[in-house]
There are 4 protein chains.
Amino acid sequence: MTSRKKEKYHFILDAALKVIAENGYHNAQVSRIAKEAGVADGTIYLYFKNKEDILISLFRDRLGDLVQLFHDSIQETDSADEALRKICEIHFTQLETNVNLAYVTQIELRQSSIELRKAIGEVVKTYIELIEKVLRQGIDAGLFHADLDVKLTRLLVFGAMDEVVTSWLISGRKYTLASQVDKTVDFFIRGLKA
Amino acid sequence: MTSRKKEKYHFILDAALKVIAENGYHNAQVSRIAKEAGVADGTIYLYFKNKEDILISLFRDRLGDLVQLFHDSIQETDSADEALRKICEIHFTQLETNVNLAYVTQIELRQSSIELRKAIGEVVKTYIELIEKVLRQGIDAGLFHADLDVKLTRLLVFGAMDEVVTSWLISGRKYTLASQVDKTVDFFIRGLKA
Amino acid sequence: MTSRKKEKYHFILDAALKVIAENGYHNAQVSRIAKEAGVADGTIYLYFKNKEDILISLFRDRLGDLVQLFHDSIQETDSADEALRKICEIHFTQLETNVNLAYVTQIELRQSSIELRKAIGEVVKTYIELIEKVLRQGIDAGLFHADLDVKLTRLLVFGAMDEVVTSWLISGRKYTLASQVDKTVDFFIRGLKA
Amino acid sequence: MTSRKKEKYHFILDAALKVIAENGYHNAQVSRIAKEAGVADGTIYLYFKNKEDILISLFRDRLGDLVQLFHDSIQETDSADEALRKICEIHFTQLETNVNLAYVTQIELRQSSIELRKAIGEVVKTYIELIEKVLRQGIDAGLFHADLDVKLTRLLVFGAMDEVVTSWLISGRKYTLASQVDKTVDFFIRGLKA
DNA sequence: AATGAATGAGATTTCATTCAT
DNA sequence: AATGAATGAAATCTCATTCAT
């Protein structure tokens, strides 16, 4: 893709994010996204295979960045518990900073169907595997319980954080997510400690 | 309602559950549900206001029963940790027993919108408040950490269990949910202990 | 028909008149009429062939009475101009007295279809022929223009009165119809005079 | 609108007029109109908000032209009685020339409801006000009766003409409307003369 | 590369009528 | 005679996608 093309590609993703966040998934018509992006309806199809492809791309693009952030951040940490804290901190603060993204990923895109949810699943899987990796490190370092079921625990950790974010959104964001990091991680650490 | 009417009402809900589970939410046309229930399309509308009303009723009816189960069960327990174990056990085994219900509530009905999601929200809220109640009991009994944030922790507990069920379904139910109860509850208890 | 049957027959017609007047033709469902009449839906079909038959019967029954009134009244008059005045007076005052009937015949029933409109046409035809008869009497008595086209003029007279009633209804009945009789008849008489 | 768009807009209105005239209001499905217009069903909705909007537009478009004709024609007349004659002549000959239009406006569109009837009411009101204007001119010129009630008389005149047209249609158009103009106007003039 | 007018499949819901009780 | 639960046909409108320009 030329840089011009790249530009329009991102315009469309930005537009999709905004339109879905503002109007909800069921009112995010392709024509609306096109209008918001400042292109013709047909132009969308020069960059994306179909509507679902927009959403999948949006998800991959934005959450991919996020997962990369996780990877980068835990490189810099020494201990598993610090890594876990870092993960939770990024998870919460990034979504708090990008409310549209939070809203779209936690609420709206879950209404979508098969293909998209597979794509979501894949991105989430990467993230969950990252959590698993940290858990293993913690066990290996003797920090976490030796007979922890990592396949299960990674779900418990992810599910717990995911629910906190969703609940925060639904409640109308009356408090900060950042303020929930310490208490959340403390609960995890205690649950995991050797 | 006469008993005959009640009967048909439940036939339709049963049919809806089966059709959604088998065909997915977006292929659960009213006519399909009617056919499965053995009634005419129009008959549906003698029992339900509209399509969404079927789903809301389905949710209320089936999950309401479940929440009642939770309430009843923890009456019989003495300690908060036993209550928590009971909750997780019922949560997992009930959904394991009713796979269609699990599939529909965890995967399919989340695609629906506004009214239904409000209804889902209300049932889930009742459940989450039940968890909170157990947490408070544990704190009062000196069993759980005194400075636990119950509003946060109830989300962590619910979110963790919810994710385990969803993941089990998506994975194709290759293991039993019942086998995950102990490990899950142990994680919670350790995280909560005073 | 027994007297009991007759009674229920008229209950249903009364109910139909009321329901149409209050809810409009398109919201006058058979079930609503049945409820208003205090009978079951199915009972309607013991007295009427179908929905249209209710409306036709309603029209025949009520407007038939009216046409009879016209006939009776002009028997008592000596001159054609007096007969014409009488006709207009009855036309206006009867509909002013029975607003529901006026509303239903002038506004609502005109929305109906073929069969009903044929029936309306027949009743109206009787009335128009009555007007024609009066016109002929006037001509024969040397009171009205000798070369009047009676087939045309009866329409002019009926159409003019009909429009006055409809307009009065649509305007919200802000004035009395009775007050329009003299001016209306004067216009006719001048137009007809030899 | 480009000229191409305008063209299709009028194709659809033409089709609607034809379909309603041939099949009656209740059998004038959107799909039938679309087929007659040679466009896809969905295309209709690029030009009209909904089905009622087609009918309202049809009425406004066609009857608006007619009312304009009335306005133009009476500009050229000197006396009120000539103006009245011109109005009746146009009224009768235009509808005689456009039988479909006559049929649709006199018979079919009166079956429709609320919005459409409001729109009809507005167009008719303009016409009735035009008649009133002519009546006033006649009074001012000393041609018509000084104490004429113009608000009433305009209805008598319009109602009379309207009934003649409707009756002519229902009768199966066995005579010409044009042949009724003189006799109709003579009746009016005699009724109005000072 | 870009446009945007045109396409057309597809599903919910209403309500007059029936018929077993 | 009366009931009223059940029937099922039928039509509007939306919106993702295409393709001629």
Side-chain angles (χ1 to χ4, degrees), chain A residues 1-2 4-5 8 26-35 37-55, chain B residues 1-2 4-5 7-9 12 26-35 37-54, chain C residues 1-2 4-5 8 26-35 37-55, chain D residues 1-2 4-5 7-9 12 26-35 37-54:
Chain A
M1 269 200 284
T2 69
R4 272 293 300 252
K5 278 202 84 162
K8 205 160 276 192
H26 285 296
N27 281 314
Q29 294 87 344
V30 171
S31 61
R32 217 162 183 163
I33 295 173
K35 198 174 179 184
V39 301
D41 293 14
T43 306
I44 299 273
Y45 292 86
L46 299 174
Y47 295 87
F48 300 94
K49 211 172 65 209
N50 51 32
K51 186 181 178 181
E52 196 150 59
D53 191 29
I54 307 175
L55 304 180
Chain B
M1 268 198 284
T2 69
R4 272 294 303 251
K5 280 203 80 163
E7 212 171 53
K8 203 158 281 190
Y9 176 87
I12 295 170
H26 286 298
N27 280 315
Q29 294 90 340
V30 171
S31 61
R32 221 161 181 163
I33 295 172
K35 198 172 180 185
V39 300
D41 292 15
T43 305
I44 300 275
Y45 292 87
L46 297 175
Y47 296 88
F48 301 93
K49 215 172 60 210
N50 51 35
K51 187 180 177 182
E52 192 153 60
D53 191 31
I54 307 175
Chain C
M1 268 199 284
T2 70
R4 271 294 302 251
K5 277 203 81 163
K8 205 160 277 190
H26 286 297
N27 281 315
Q29 293 88 344
V30 171
S31 61
R32 218 162 184 163
I33 295 172
K35 197 174 180 185
V39 300
D41 293 14
T43 306
I44 299 273
Y45 291 86
L46 299 174
Y47 295 88
F48 301 93
K49 213 172 61 208
N50 52 32
K51 185 181 180 181
E52 196 150 59
D53 191 29
I54 308 176
L55 305 181
Chain D
M1 268 199 282
T2 70
R4 272 294 301 252
K5 279 203 83 164
E7 210 171 54
K8 204 157 280 193
Y9 176 88
I12 295 170
H26 286 296
N27 281 315
Q29 296 89 338
V30 171
S31 61
R32 220 161 182 163
I33 295 173
K35 199 172 180 185
V39 300
D41 292 15
T43 304
I44 300 275
Y45 293 87
L46 297 176
Y47 295 88
F48 302 93
K49 214 172 61 210
N50 51 33
K51 187 181 176 181
E52 193 153 59
D53 191 31
I54 306 176

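Protein chains get the first letters and strands the later ones, always in sequence-line order, with residue 1 at the start of each.
- Between C:K8 and F:dA2 there is a side-chain N or O to OP1 or OP2 distance below 4.0 Å.
- Spacing between atom OH of B:Y47 and atom C1' of E:dT13 amounts to 17 Å, rounded to whole angstrom units.
- Base pairing annotation: E:dT14 forms a Watson-Crick or G-U wobble pair with F:dA9, both donor-acceptor distances under 3.5 Å.
- Ring geometry, D:H26 versus C:H26: the interplanar angle exceeds 60°, so the pair is classed perpendicular (tilted spans 30 to 60°).
- Of all nucleotides present, only E:dG8 satisfies the Watson-Crick or G-U wobble test against F:dC15, with each distance under 3.5 Å.
- Counting only heavy atoms from C-beta on, A:A40 has its side chain closest to E:dT3 among E:dT3, E:dA2, F:dG4.
- For the residue pair C:D53 and C:F48, the shortest heavy atom distance occurs at OD2-CA, 3.4 Å.
- Sequence order on DNA chain F of the closest nucleotides to B:V39 and C:G38 puts C:G38 first from the 5' end.
- Residue D:I33 comes nearest to D:I12 through the heavy atom pair CG2-O, 4.0 Å, listed as atom of the first residue, atom of the second, then distance.
- Here the side chains of C:N27 and C:Q29 are in contact, with some heavy-atom distance below 4.5 Å.
- Rounded to whole angstrom, the span from the CD1 atom of B:I44 across to the C1' atom of E:dT14 amounts to 14 Å.
- Contact detail for D:S31 and D:D41: the closest heavy-atom pair is CB-OD2, 3.5 Å.
- With a 3.5 Å ceiling on both atom-pair distances, E:dA1 lacks any Watson-Crick or G-U wobble partner.
- Using a 4.0 Å cut-off, no side-chain N or O of A:K35 falls inside it from OP1 or OP2 of E:dG4.
- Rounded to an integer number of Å, the gap from A:R32 CZ to E:dG4 P is 18 Å.
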Set out, in order, the CA-CA distance, both residues' side-chain angles and the distance that settles side chain to side chain contact (heavy atoms under 4.5 Å, CB included) for D:L46 and D:K8, then state yes or no. CA-CA 10 Å; D:L46 297 176; D:K8 204 157 280 193; over 6 Å; no
Nucleotide by nucleotide, nucleotides 11-21 of chain F touches protein heavy atoms under 4.0 Å in the pattern (B base, S sugar-phosphate only, - none) SSBBSSBB---
